Protein chains: 2
Amino acid sequence: MQDEAIPTVRSFSRSFTQRIGVFTDRFLGRDRPLAEARLIFEVGREGCDVRELRSRLDLDSGYLSRLLRSLERQGLLEVVPQENDRRIRRACLTAAGGVELDELNRRGDEFARSLLAPLSAAEQERIVRAMRDVEQLLNAAATTIDLENPASADARWCIEQYFRELDERFEQGFDSAQSISADSQETMPPHGAFLLARLDDRAVGCGALKTLQPGIGSIKRMWVSRSARGLGLGRRILSALELQARELGLEVVRLETNRSLEEAQALYRRQGYREVSAFNDDPYADYWFEKRL
Amino acid sequence: MQDEAIPTVRSFSRSFTQRIGVFTDRFLGRDRPLAEARLIFEVGREGCDVRELRSRLDLDSGYLSRLLRSLERQGLLEVVPQENDRRIRRACLTAAGGVELDELNRRGDEFARSLLAPLSAAEQERIVRAMRDVEQLLNAAATTIDLENPASADARWCIEQYFRELDERFEQGFDSAQSISADSQETMPPHGAFLLARLDDRAVGCGALKTLQPGIGSIKRMWVSRSARGLGLGRRILSALELQARELGLEVVRLETNRSLEEAQALYRRQGYREVSAFNDDPYADYWFEKRL
DNA sequence: TGCATTACCTGACTTTAGTCAGGCAACGAT
DNA sequence: ATCGTTGCCTGACTAAAGTCAGGTAATGCA
């Protein structure tokens, strides 16, 4: 780590919370408590389940309930039971709530504009670029990679997305039944592992490991959601899978990939994988790689 | 302004306040109110006058007083009257307060470290650079430039700094008595103007305008503090002075400068000033510039 | 059918943050 | 000496934020 890295981060957060904090309090919550304003934002046009609000804003159940009642009294939103499970309730903005949301958005835009206004065009471009960088990398840093049961809803969602993308990208399309298996049993301890990447409780990537034969593992299901690409997440998932492989006592990991997935090939080469001759007959594989751990 | 500028700023502040806000509350103020933790920071090793604390943290006098009493009760600081004016009181950390400050700093560092930890070395370097950019430009944007009475304490402090720097940089040194005048009367309405740049109530630059003869003005005292250079502040002060000149009915502004002040010359040329022959006999002037407004 | 669980709500708190009016001592100028 | 000002403090508030212990209806499961 560079010497000035820590001071830079600290001085940055300090100056930023000061400058932006002032905004958040003064602009956004001018005529209502800040928590209420945030809640209106979070509910948004399409509405939002109460449980979802609770987790996203990290609020106490009782406190959130009270906030919802307050906004209801003000005629800004309605909380209605869901059709299929009447315990779960959904908050939706009323027409008046929509107007309020517009107003909040207007103030937010105005604040952003006033923040940039004193800067020249070139400076504005520079700060916007730098902000995008910081945000991206902050998101990358906030993304966690953990073991997950491959049968869980999030895991299955990721695999589904992965298959869908392969079907789009492969010239011949993709049918998972044709491909080499990597089912739940195979990708769980003690024979394998399934890793899920999450950003703020949202699944954004995955990777799986299964044992081919004693000492030799295979990496499957490497996928990163479009929204999270370019953040080095692929590299982190791959490294984490290799760590899992070592812990399972594997000495070599292999993987196969399709010619259309150029980024993936580049990643494998960068991470020390070398191309080997075909070790299976996966109909979608064009290249085979291997790495000794 | 670019199309995505506003959304980028907004999404950035959103994600940043979320990620950093969590830290500020959870890490820093874990076993005491956030306001107290901030206060300990602000008092720092060398101590700080109460009035200074009030303005820096923008706190109500009564509220601050109560916070100080609370920290005093906890044995973390002492508030003692100043020698020369016993109304003004100074807050100083006790030994225990110093220990607490160390702990706060430790937590801050730890947070910064944990924020960067998941990133690769190259990514860390990228985010640190981007943060520096954002902070610098945010500071630039937060710097205000306003008319100031040239006799005010801040104005005189800036002029003093300016003279001191000229004395350092000119080969022959600098003595303000030898130079062409620009006293308070000359740089005030209706014959002139004095502009002061402030960042968070701290004077960081200045510039003055006086009338030489009907329709012709002269720009003097252009200075930017070292801490604020490279932020385009010189350009903004110069533009603001030109605006003042137009409002005073001037059609031409002139200025002279010393050969050692290369950045200044570059700025003047960039802003449309062209070199002219000497229009005065200032002993420190090597170049003379003029701009038609 | 009964029982545990889930999802949310209510009431009764505490803590933190912030405001306002007035008060007192120290100081500066006359 | 006195009078206005400055710098800080105290008391008496209010609002916002957050916590905790139940409570209730809906649902799922044995």
Side-chain angles (χ1 to χ4, degrees), chain A residues 17-18 21-22 24-43 47-74 77-92 153 201, chain B residues 17-18 21-22 24-43 47-74 77-92 153 201:
Chain A
T17 34
Q18 266 189 17
V22 167
T24 310
D25 297 1
R26 302 279 141 85
F27 275 62
L28 217 50
R30 213 168 36 183
D31 17 73
R32 77 177 69 257
L34 191 58
E36 285 186 15
R38 267 205 263 266
L39 194 48
I40 293 174
F41 258 123
E42 211 59 47
V43 171
C48 185
D49 288 355
V50 171
R51 50 193 303 177
E52 179 79 12
L53 291 172
R54 206 162 42 227
S55 88
R56 286 223 291 252
L57 294 168
D58 191 32
L59 290 176
D60 171 86
S61 157
Y63 184 30
L64 173 58
S65 187
R66 216 174 310 281
L67 288 171
L68 289 172
R69 284 311 81 68
S70 162
L71 290 176
E72 248 178 354
R73 266 197 309 279
Q74 295 170 56
L77 60 72
E78 298 186 294
V79 181
V80 292
Q82 254 192 22
E83 296 276 302
N84 47 345
D85 184 344
R86 299 174 48 78
R87 287 171 307 179
I88 298 174
R89 310 189 71 196
R90 189 173 183 78
C92 292
D201 296 321
Chain B
T17 35
Q18 265 189 16
V22 167
T24 309
D25 298 2
R26 302 279 139 88
F27 274 61
L28 257 191
R30 210 167 39 181
D31 15 76
R32 77 178 69 258
L34 192 58
E36 284 186 16
R38 268 206 262 268
L39 194 48
I40 292 175
F41 259 122
E42 212 59 47
V43 171
C48 185
D49 288 353
V50 171
R51 51 191 303 176
E52 178 80 11
L53 291 172
R54 204 161 44 226
S55 88
R56 285 223 291 251
L57 294 169
D58 191 32
L59 290 176
D60 171 86
S61 159
Y63 184 32
L64 173 58
S65 188
R66 217 174 310 280
L67 288 171
L68 289 171
R69 284 311 80 68
S70 161
L71 290 176
E72 249 178 356
R73 265 197 309 280
Q74 295 170 54
L77 59 74
E78 298 186 294
V79 180
V80 292
Q82 255 193 20
E83 296 274 304
N84 46 345
D85 183 342
R86 297 173 50 78
R87 284 172 307 181
I88 298 175
R89 311 189 71 197
R90 189 173 182 77
C92 291
D201 295 320

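By convention in this document, chain letters (A, B, ...) are assigned in the order of the sequence lines, proteins followed by strands, and residues within each chain are numbered from 1. Quantities reported herein were computed from a predicted structural model and do not represent experimental measurements.
- Looking at B:Ser65 and B:Arg69, their side chains do bring a donor and an acceptor atom within 3.5 Å of each other.
- Spacing between atom CG of A:Leu64 and atom P of D:dG18 amounts to 12 Å, rounded to whole angstrom units.
- In this structure, the CG atom of B:Asn84 is 13 Å from the P atom of D:dG7, given to the nearest Å.
- A:Asp31 has its CG atom 11 Å from the P atom of D:dA16, to the nearest Å.
- The side-chain contact (heavy atoms from CB on, under 4.5 Å) test applied to B:Glu78 returns B:Thr94, not counting sequence neighbours.
- In this structure, B:Arg89 places its CZ atom 8 Å from C1' of D:dC9, rounding to the nearest Å.
- Ranking C:dC9, D:dA16, D:dC8 by closeness to the A:Ser61 side chain, first place goes to C:dC9.
- Among D:dA17, C:dC9, D:dT10, the nucleotide with an atom closest to any side-chain atom of A:Leu34 is D:dA17.
- The two residues B:Ala91 and B:Leu68 have their closest heavy-atom pair at CB-CD2, 4.3 Å.
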Practice problem: Using a 4.0 Å cut-off on protein heavy atoms (strictly under), produce a 5'-to-3' string for nucleotides 18-26 of chain C with B for base contact, S for backbone-only sugar-phosphate contact, and - for none. | Solution: BBB-----B
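- Atom pair A:Ile88:CD1 and D:dT27:C1' shows a separation of 10 Å (rounding to whole Å applied).
- In this model, the phosphate group of D:dT6 is not approached by any side-chain N or O of B:Arg51 to a distance below 4.0 Å at OP1 or OP2.
- The CD-C1' distance, from A:Glu36 to D:dG18, rounds to 15 Å in whole Å.
- Annotation for B:Val79 and B:Glu72: closest pair N-OE2, 3.1 Å, computed over non-hydrogen atoms.
- Axis angle, first five pairs versus last five pairs of the helix from C:dT1-D:dA30 to C:dT30-D:dA1: 10°, rounded to 10°.
- Heavy atoms only, all atoms of each residue included: A:Arg54 and A:Asp60 are closest at CD-C, 4.5 Å.
- The listed nucleotides are C:dC9, D:dC9, D:dC8; the one nearest the side chain of B:Arg69 is D:dC9.
- As a whole-Å value, the separation of A:Gln82 CD from D:dA25 C1' is 16 Å.
- Under the 3.5 Å distance criterion, the side-chain polar atoms of A:Glu36 are left unmatched by any main-chain donor or acceptor of A:Leu67.
- Between B:Arg56 and B:Glu52, at least one side-chain nitrogen of the basic residue sits less than 4.0 Å from a carboxylate oxygen of the acidic one, meeting the salt-bridge criterion.
- We find that CG of A:Leu68 is positioned 13 Å from C1' of C:dA7, with the value rounded to whole Å.
- Counting heavy atoms from C-beta on, the side chains of B:Thr17 and A:Thr17 never come closer than 4.5 Å.
- Between A:Asp49 and A:Arg51 no salt bridge is recorded (no basic side-chain N to carboxylate O distance below 4.0 Å).
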